[in-house]
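Heavy-atom basis, side chains included; hydrogens, waters and symmetry copies ignored. The model shown is predicted, which means the values in this text are computed figures rather than measured ones. Below, read A as the first sequence line, B as the second, and so on, with proteins coming before strands; counting in each chain starts at 1.
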Amino acid sequence: MWRNNTMVAIKKHHQWDLNYREAVKLQKKLSGSVILSDGFSRVKKIAGVDVRYVKNSDKILCAVLVFSYPSLEIIEEKYVFSKVTFPYIPGLLSFREGPVVEKCFAKINNIPDLVFFDGHGYSHPRRFGLASHMGVILDIASIGCARSLLCGNYDKSSLHEEKGSYSYIIDGNEIIGVALRTRGNTKPVFVSAGNKISLESAVKYTLLVSKYRIPEPVKLAHNFLKNINVV
DNA sequence: GCGACAG
DNA sequence: ATCTTGTCGC
């Protein structure tokens with residue numbers, strides 16, 4: 001492990017250019033490095049990450065926005081362009097978006113205590129979604145916040161309409177995440193632990209930064225990218 | 001073999 | 001993800 005000149009921890013790691021078989025094998029291996037308990041004391045800075053694809057091109061961009069917590073004021077915002085080299089395969093999203101995300105984090109000067117990702121963490125076939133993968137590589141606490149289910153099921157009848165209500169996502173015989181109502185009378189969001197955090201804390205912080213359906217950190221990162229001119 | 005399948 | 005306006009509902 002080393003640190004680049006901008007202070008953000010970057011772990012010396014694997015290559016992203018792998019085939020399906022190798023990627024799955026790597027996920028199984030790295031999933032053993034995931035920590036499912038809180039690896040932070042005080043949360044003073046949180047970040048939101050999002051990736052945008054440019055139509056009819058191989059252009060891809062990523063934005064990382066860092067906010068003060070709990071005031072949620074923007075401390076830093078960085079973005080970066082790159083090219084997509086890996087196809088979209090359910091379960092292997094990190095191999096498609098990981099490279100840009102990593103590249104963007106290298107530009108961040110403020111190390112966040114907690115990072116929100118637009119995708120799953122533990123609620124993944126091999127318990128190693130984008131949020132987990134990036135959390136391990138960046139050695140940071142992360143939360144997976146997806147807009148749709150990738151695997152597992154949850155009891156819709158026990159999920160009430162008020163904000164804060166949730167029901168566990170079950171896969172096999174274990175709890176892998178929760179379907180969380182971040183806003184009343186709105187479709188839930190699927191939250192799971194990424195790395196260095198418990199599911200309970202993931203739910204807690206997600207609710208604390210949600211005004212609408214999508215948690216503010218991720219939502220703002222998304223809007224930030226939407227306003228960038230991509231010619 | 002069939003269906004499911006983050007962004 | 002992306003192509004896209006209005007429209008229904010709280």
Remember a base hit wins even if backbone is also touched, and classify [X] as base, sugar-phosphate or nothing at under 4.0 Å, heavy atoms.
| X | result |
| --- | --- |
| A:G184 | nothing |
| A:N56 | nothing |
| A:L92 | base |
| A:L149 | sugar-phosphate |

Can you tell me how far [atom2] of [N] sits from [atom1] of [X], to the nearest Å?
| X | N | atom1 | atom2 | answer |
| --- | --- | --- | --- | --- |
| A:F190 | B:dG7 | CZ | C1' | 15 Å |
| A:I60 | C:dT2 | CD1 | P | 10 Å |
| A:M134 | B:dG7 | CE | C1' | 14 Å |
| A:Y53 | B:dG7 | OH | C1' | 5 Å |
| A:K55 | B:dG7 | NZ | C1' | 18 Å |

Original post:
Are OP1 or OP2 of B:dG7 and a side-chain N or O of A:R147 less than 4.0 angstrom apart?
Top reply: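 Yes, A:R147 has a side-chain N/O under 4.0 Å of OP1/OP2 on B:dG7.
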Original post:
Between A:S148 and B:dC5, is there a side-chain N or O to OP1/OP2 distance below 4.0 Å?
Top reply: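 False: A:S148 side-chain N/O out of range (4.0 Å or more) of B:dC5 OP1/OP2.
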Original post:
Do A:R181 and A:E161 meet the salt-bridge criterion of a basic N to acidic O distance under 4.0 Å?
Top reply: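 A salt bridge is present here (some side-chain N lies under 4.0 Å from a carboxylate O).
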**OP:** Compute the centroid of each ring, for A:Y88 and then for A:F86, and state whether the two points are separated by less than 6.0 Å.
**Re:**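 Ring-ring flag for A:Y88/A:F86: false, centres at least 6.0 Å apart.
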Original post:
According to the 5.5 Å centroid and 30° plane-angle thresholds, does A:Y88 stack upon the nucleobase of B:dG7?
Top reply: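 Base of B:dG7: stacked against A:Y88.
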Original post:
Which word best sums up how the rings of A:W16 and A:H133 line up, parallel for under 30°, tilted for 30 to 60°, or perpendicular for over 60°?
Top reply: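 Aromatic pair A:W16/A:H133 classed tilted.
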**OP:** On the 0 to 90° scale, with breaks at 30° and 60°, tag the A:Y205-A:F40 ring pair as parallel, tilted or perpendicular.
**Re:**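 Geometry flag for A:F40 against A:Y205: perpendicular rings.
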